[in-house]
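Data block below; observations after.
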Amino acid sequence: MALQIFNTLSGRVEELKTLADKRIRMYSCGPTVYDYGHIGNFRTFVFVDLFRRFLRHSGYQLNHVMNITDVDDKIIRNSSAKGVGVREYAAKYEQAFFEDMEILSLEKPEEIARATEHIPEMASLIARLQKKDFAYKTEDGSYYFRIAKFPQYGKLSKKDMTAISDGARVDLDEYEKDNVRDFALWKSPKPGEAKWETEIGPGRPGWHIECSAMAMEYLGDTLDVHLGGEDLIFPHHENEIAQSEAATGKTFARYWMHVRFLLVEGQKMSKSLGNFYTPRDLILKGHKPSSIRYLLSSVPYQKQLNFTFDGLKQAANSVERLRNFKARLDTGRFPAGSNPEMETLAKATREKMRAALEDAMNTAQALAAVFDMVREANAAGDNGKLLRDDIPALQEALGDFDEVFAVLEDDDAQKSKQVLQWARAEGRLADAALAESNLSDAEVERLIEQRQHARKSRDFAKADAVRKQLADAGIILEDTKDGLRWKRK
Ligand code: AMP
Ligand code: ZN
């Protein structure tokens, strides 16, 4: 089979056919560096990483560009509230974003392009659009895109264009989702805002123009794949298409892939609901980076991922099982010989994982295949039926898995330590102290066992002491009909 993906543009699953054989030109929208990235952002970025890794594993040569939006309304607003310059402010969160990428084992794209370093390219794209009458200048020196002149507008988001009124404008970077209006390409200078002198006059770019200008700068007029979170379909990606295709007369991106928004405990993540988490928050609560990456990877990109603390705990167990299995293969002692069933199992698992990922990146199915292998090989091992010559084939299958999922290397402790150092340096001492008092999952389980044991032997003082120790570390015990369960506060 060949790689299939869901293409938002056509609205169906299609075979991915790149313009040049086994080379892929792709662009993914990167972060707006106005704050630390949250797990919703990283749901999308982790998916882009899985896709990259699978493409390479499938023999593609990658040319992947990701932008950094380092000037926009939010950055300007937040930096002036803090009384620091836009550049200094954005640089801090860009650095934090790169650290988070490393913490979650995200590969760096081949090209990372900052908006503020591509202002002339944006200005010249706007000049081109103006020449063709797709852009117009307003009295104050701003430029807008004339949507009425681009009849294909709406083809990605499937918006109804009948209600559009020529010349109605919006200049906010934070859009009303249903309002189709002429959008800002360039904003005239305002007091206290960053501005650039360019061939189209002074000012700063609107949000959308950077992605068109930078994608075409590095990848040419037509790209293979463009990715982002589903909130970007309208207006951001619709506008990217309009700006690029109006200028070149060519298709901008042939495939569009959008990651469904993540929910937290069944609800939209928001600061006001108190369910807003960054990867750093979770690590300071004692969760492992690999659990976060695994959980964010476990649901196919078109399906809604519901992030829960139970799920995070299960993810930790899953990673642990895989690592234990790897350790068993790497260091276990097995009788001489080979069991043909094991070789068949390894081969079938590799095929199943590939088939699952080729089927629109069905990560859930790929994980199911690897866990079937772990279960069967472990059972064979326990019955003396896993033999020395079987090991390389199983290791290879596990290696295939990790080339895409990247969770087997046990570097969680070191990464968590980095986050702890950051919390201290930022003066988040309460968070840091909490993190230090956090018990690992294994320690919690060990204490719970001690408490059960104490209760059975009627040593209630000891049982109470252990319970208090757990409570102090923020662990809540719940008696359920399936037995005792625990969670973190
Ligand atoms: P931003 O930094 O806001 O420009 O967003 C960076 C990326 O994260 C974009 O691709 C967004 O679509 C994506 N994103 C934001 N929130 C979520 C969410 N809750 N679930 C999935 N992706 C998200
Ligand atoms: Zn973009």
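Indexing begins at 1, ligand by ligand and atom by atom, following the structure's order.
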What side-chain hydrogen bond (donor to acceptor under 3.5 Å, both in side chains) pairs are there with at least one residue in residues 80-90, not counting sequence neighbours?
Asn78-Tyr89
Are side-chain N/O atoms of Asn63 and Glu110 paired as donor and acceptor at under 3.5 Å?
no
Sidechain-backbone polar pair: Asp411 side chain, Gln414 backbone, donor-acceptor under 3.5 Å
no
Within the distance-only criterion (no hydrogens, no angle test), does the side chain of Glu230 pair as donor or acceptor with the backbone N or O of Phe261 below 3.5 angstrom?
yes
Taking NZ in Lys17 as the centre, count heavy atoms belonging to other residues, nucleotides or ligands within less than 6.0 Å. Is the count above 12?
no
Answer key: the N, O or S atom of Glu240 nearest to the Zn ion (ligand 2) is OE2
Which is the closest N/O/S atom of His236 when seen from the Zn ion (ligand 2)?
NE2
Would you say ligand 1 has an N or O under 3.5 Å from any N or O of Glu230?
no
Is the shortest N/O to N/O distance between Gly229 and ligand 1 below 3.5 Å?
yes
Between ligand 1 and His38, can you find any atom pair, the residue atom being a heavy atom, that is separated by under 4.0 Å?
yes
Atoms of ligand 1 less than 4.0 Å from Phe45 heavy atoms?
6 (C), 7 (C)
So the atoms of ligand 1 within less than 4.0 Å of a heavy atom of Pro31 turn out to be 2 (O)
When you measure from the Zn ion (ligand 2) to the N, O or S atoms of Cys211, does any of those distances fall below 2.8 Å?
yes
